[in-house]
Amino acid sequence: MTTNDFRQSTDDDDLPSFISFKVCTGCFCGDFLWLKKCFFRAVSVSELNRHLTHTAMRTPISSATRPSNFDDVVARYFERKQELPEWFQDFINDRDATLVRRGLEHRDELVRWLGGVPRLEKAISPVNAESNDLYQFRMASVFHETDPDKRGSFVMYYRRPNDMGGAVLAGIQHALDTVENFRLDPRFLHKLLSEDKLTPGLYEALLSLDKLDVEIEAIPEGTFVGPNTPVITVTGPLWQVQLVETILLQCVDYATGVASRAAAIVEASGGKPLVDFGARRAPGEQAAVTSAFSSVKGGAVAVANTLASYLSQANPNEEYIPDEGTTAHSFTEAYMLFDTDGNAIEDMAGAEENAYTDWIKYFPESTCVLIDTISKEVGLNTTAKIYEKLGFREQGKPIGIRDDSAISAESILMVYDGLTDRGVDDFFIVISDNLTPEKVRDLRAGVTEKRGEQFWEDLDIRFGVGTYLARPNPMGFVFKLAEYEQDGQTVPVSKASGTPEKASFPVVRSHRITNEYGRFEEDLNLHPDESPEGITEGTRRSIRALSQLAYAGKRRLMESDSAQTIKTRWQEQADQIPRNVIGRPWSVYRPRFSQRVDKIRRNIQKALAEAA
């Protein structure tokens, strides 16, 4: 009799009761292979599955969650399997072998899911949901225990810009990736539960959570946003939305700070090329890569970080970001020769020339002489010798120089005149040395004062910026409850604050108003019940919504844009925004709120004040 014949001729009732089960997959449990999601009549599916999930993760399981008769059930399964006909034992053994294979595959998938992200991609992987604040889990626990269906809306915004009159938004796509991949390691949850930092109800809910059931509206990256503009609005069960606050802020705050600083540098220089040199200054690998991508979004043309460049090429959703660099002082120093007392044995200028002669043998297309290792005069002489000796003029190639110390408008002109006087007629200048928008603006003003605006426009000067980009001051984004649902009604909420600007806002929809030439005029925040129709009627102005539905139905809706596309979006807006706003933090742009929104906010603050 074949297995199929047996299936067709035998009813479940003819089999011993422990044989009636259904199998989904397999997984390891200690030193044994058990069936995962098996339905034994003595153990419920959920109980057995929960036990196997815990033991597969090598996590101790509490007596409260382990089925009391689990070991007896398993023992009875193997014992009574021996009582079956041999051909049926073969059938079950074949099935077990399949489950072993599936179990190994499932275990490997868990490894990839929980920690085995490909090594080079960790720098751009979603934020782990475990990287959270403890109070989020405790608040979520209370929300879940008291009313798991209670819904609310949280809004993310910043209160005051740091480096320009507003901010260039970045990190939204990383935030959506994080929400889409929200998962919690059972070992991590068990740790919180065992320490009474999580309620059993939320513990069970998070173990079985497949996807977050929330809706997200977001403003696309590369958009110029003013203070108090909701860049992300998350609506859903309060216990779920509360758990994303910290991880979303991790995605958006740092990235926006870097993008805004890059935009401020580019604006201060009048659009000169910017290269992100910040990898060594960033607080860790992921921050270095985030800084590189965010710098490009804010206007950088290249980055020094080689991993960021590689990932831009390897990621199908990205466009190539070039990695560029010059040399360090150590490169020239390695060619210098001193005795044990520090006396020069060979000519220092000759050592520098030898260094860059060797460099060009291997990297002829990327020659940039660092001129301040010995002195700027020696460096300029070295550059001129290299330019002539290696035939840059004949090949029609420019030679680069980098100046990394005592930068001023005078030093820039000294370098320019020094090269032209030495017969170098095709070159570019790279400036570094702790640059900020204020310093770049002063350099530009000093040069134009002496040589005119046209000279600056024609000057091939580039800026390598590290610390300022990679270490931005926190933007201070916050994630505040704006409203919740109660008995079918929407209840707006806010906290009381001794500082008026810290009082939060109700849910709003942001709109941008532009004039007949497409130039930026203002942003207007309306209540969701208010329509933008008619606001610009009878004028030549136009109005459009800034945010869009980005996540709903447990899936992401906003498409991923490359960093280069986001940079283009920002640059198109930068041409429309008044110059006194970009790059000047003392000229803070303030979006306008509708009268209805302002009234709700004032009434809430009044009620809170009266309660005090």
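- Residues passing the side-chain contact (heavy atoms from CB on, under 4.5 Å) test with Arg540, sequence neighbours excluded: Glu516.
- Under the side-chain contact (heavy atoms from CB on, under 4.5 Å) criterion, Lys197 pairs with Leu134, Arg138, Lys191, Leu192, Glu195, not counting sequence neighbours.
- Looking at Glu530 and Arg509, their side chains never come closer than 4.5 Å, going by heavy atoms from C-beta outward.
- Under the rule for a side-chain contact (heavy atoms from CB on, under 4.5 Å), the partners of Arg602 that lie at least two apart in sequence or sit in another chain are Asp598, Lys599.
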Using a 3.5 Å cut-off and no angle test, enumerate the donor-acceptor pairs between side-chain atoms of residues 463-481 and protein atoms at least two apart in sequence or in another chain.
unit_1: Thr467; atom_1: OG1; unit_2: Arg281; atom_2: NE; d: 3.4
unit_1: Tyr468; atom_1: OH; unit_2: Asp163; atom_2: OD1; d: 3.1
unit_1: Arg471; atom_1: NE; unit_2: Arg281; atom_2: O; d: 2.8

Without placing hydrogens or testing angles, list every side-chain donor-acceptor pair under 3.5 Å for residues 297-307, not counting sequence neighbours.
unit_1: Lys297; atom_1: NZ; unit_2: Glu221; atom_2: OE1; d: 2.8
unit_1: Asn305; atom_1: OD1; unit_2: Leu307; atom_2: N; d: 2.9
unit_1: Asn305; atom_1: OD1; unit_2: Ala308; atom_2: N; d: 2.9

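- Residues meeting the side-chain contact (heavy atoms from CB on, under 4.5 Å) test with Thr539, sequence neighbours left out: Thr536, Arg541.
- The existence of a salt bridge linking Arg569 and Asp561 is confirmed by a sub-4.0 Å separation between a basic side-chain nitrogen and an acidic carboxylate oxygen.
- Partners of Phe455 according to the ring pair (Phe, Tyr, Trp, His ring centres under 6.0 Å) rule, which considers only residues two or more places apart in sequence or in another chain, are Tyr416.
- Every pair passing side-chain hydrogen bond (donor to acceptor under 3.5 Å, both in side chains) that includes a residue from residues 224-238 is listed here, sequence neighbours excluded: Ser153-Thr235.
- Listed by first and then second residue, the ring pair (Phe, Tyr, Trp, His ring centres under 6.0 Å) pairs involving residues 214-268 are His144-Trp239 (not counting sequence neighbours).
- Phe188 is linked by a ring pair (Phe, Tyr, Trp, His ring centres under 6.0 Å) to Phe137, counting only residues two or more places apart in sequence or in another chain.
- The ring pair (Phe, Tyr, Trp, His ring centres under 6.0 Å) contacts involving residues 508-537 comprise Phe520-Tyr589, where partners must be two or more places apart or lie in separate chains.
- With sequence neighbours left out, Phe182 forms a ring pair (Phe, Tyr, Trp, His ring centres under 6.0 Å) with no residue at all.
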